[in-house]
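Remember, predicted model here, so these are calculated numbers, not experimental data.
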Amino acid sequence: MTDQTSWVASAQGDTDFPIQNLPYGVFDDGNGARMGVAIGDMILDVAKVDHGLSADLFAEPAWNRVMEAGPKTWAKLRARLTELLSDEGHKSAVEPHLVSQAGAKMLMPFRVTEYTDFYAGKNHATNVGTIFRGPENALPANWLSIPIGYNGRASSVVVSGTPVIRPNGQVKGPNEELPRFAPSARFDIELEFGAIVGQPSEGMISVSQADEMIFGYVLLNDWSARDIQAWEYVPLGPFQSKATATTISPWIVTKAALEPFRVNTPERERELLPYLREPGPMNYDIELEVALRPEGGEEAVISRTNTSMLYYSAAQQLAHHTTSGCPMRAGDLLGSGTISGTEKDSRGSLLELSWSGKEPLELPDGTTRSFIEDGDTLTLRGAAQGKGYRIGFGDCTGQVLPARALPDWAKE
């Protein structure tokens, strides 16, 4: 299939959405929200074509029912869509149901059942630990044995393009005796890879079973208020500092589309317990980048890295999540944790890029950034490069707006 082509002209050449991709999203072109499939610069209104499945699966603008139908249905749908969009014999029936991406608004592609954020990037964990505890205590004692995570807020997961309002919260500077309530001054991003669970589980599952349960992937920005986090995170970890928003890219890239790009996780520094051992390559080779654009200014790419940097794969994260007997549901979202490389320009957060403000970034207009300023737009991009084609996710973008004014009853 790697050399297959589509009769959709824009699906050839320089595009994130060739016939080899066919990611799933929800769009509204002014005629209501519907389920769509990206092909070139167009969107196929999937419910309007002969998809070969029950119409009930496409009765609501979310991909949850398709997820719940299971892997055999996923494979059948993908094969049928590939046929419809590659065989010229289907062009006359399918072409009327193509909509321009340029004229459509992208919506949340699925209902997020639960959200868990992991901490699976070793370079990021080492950098952050070094900043706060010094290099000798950078990694927690458990880090090389267990995928660390915390339960986040599904209610604040938003789709790309949704503005993000700077959070207010309790902050306490190093020279302050007591905390104060104020807008976060150290607002940040986290470049992550999000896995979408497509099948439920009861009880403990293996890494292999976990991999089969994953429906697809998105880019994920877990916005983080570092100053709020520094005051609140001991002893139970992040809370309000991570509850503002989590932005995902608008297209779910299926696991099937990413099969040619599987790679091994990094070499283990400590042998994992049997339940976490992988039966084969579980990571992916996907190039990632972060861009920052000041309001009215020029965009600059501030970081480039790769998902292959993740020490624990999404399948390992999911398998570990079930060890306590925790049930998983279709629509659960797993964030990978920040993905950073080994070089300075491959760090996946401003906390690392500016080394907690000690080494501010210089932008093309001559201004600098230690953390995000109001009006800044942050964009995550990612793509896996095949032979003659590219599997992309679409932009994962959010502009930061000023914090809300405090009500009188919250002021001193």
Checklist entry - Are Y24 and W63 near enough that their ring centres are under 6.0 Å apart? => result yes
Item to check | Qualifying side chain to side chain donor-acceptor pair (under 3.5 Å) pairs, either residue in residues 261-272, two or more places apart | outcome: K122-E269, S145-R270, D211-R262, E259-R262, T265-R268, T265-E278, R268-E278, R268-Q316, E271-R277
Please tabulate, one pair per line, all N/O donor-acceptor pairs under 3.5 Å involving side-chain atoms of residues 247-254, not counting sequence neighbours.
{"unit_1": "T247", "atom_1": "OG1", "unit_2": "W223", "atom_2": "NE1", "d": "2.8"}
{"unit_1": "S249", "atom_1": "OG", "unit_2": "L219", "atom_2": "N", "d": "2.9"}
{"unit_1": "T254", "atom_1": "OG1", "unit_2": "A257", "atom_2": "N", "d": "3.2"}

Next on the checklist: Show every ring pair (Phe, Tyr, Trp, His ring centres under 6.0 Å) that has at least one partner inside residues 150-169, sequence neighbours left out.
Outcome noted: none
Item to check | By salt bridge (Lys or Arg N to Asp or Glu O under 4.0 Å) - contacts of D227 (at least two apart) | outcome: none
Return all side-chain donor-acceptor pairs below 3.5 angstrom for residues 96-106, not counting sequence neighbours, or 'none' if the list is empty.
{"unit_1": "S100", "atom_1": "OG", "unit_2": "A102", "atom_2": "N", "d": "3.2"}
{"unit_1": "Q101", "atom_1": "NE2", "unit_2": "G40", "atom_2": "O", "d": "3.0"}
{"unit_1": "Q101", "atom_1": "NE2", "unit_2": "M42", "atom_2": "O", "d": "3.3"}

Item to check | Partner residues of Y233 under the side-chain hydrogen bond (donor to acceptor under 3.5 Å, both in side chains) criterion, sequence neighbours left out | outcome: none
Next on the checklist: Going by the rule side chain to side chain contact (heavy atoms under 4.5 Å, CB included), which residues pair with S346 if we only count those two or more places apart in sequence or in a different chain?
Outcome noted: T305, E343
Checklist outcome for this item: Sorted by chain and number, sequence neighbours left out, salt bridge (Lys or Arg N to Asp or Glu O under 4.0 Å) with D222 holds for K242
Item to check | Residues forming a salt bridge (Lys or Arg N to Asp or Glu O under 4.0 Å) with R304, sequence neighbours excluded | outcome: E289
Checklist entry - With sequence neighbours excluded, what pairs up with E88 under the side chain to side chain contact (heavy atoms under 4.5 Å, CB included) test? => result W7, K91
Checklist entry - salt bridge (Lys or Arg N to Asp or Glu O under 4.0 Å) with D50: which residues, sequence neighbours excluded? => result R80
Next on the checklist: Going by the rule side chain to side chain contact (heavy atoms under 4.5 Å, CB included), which residues pair with P179 if we only count those two or more places apart in sequence or in a different chain?
Outcome noted: Q170, K172, W231
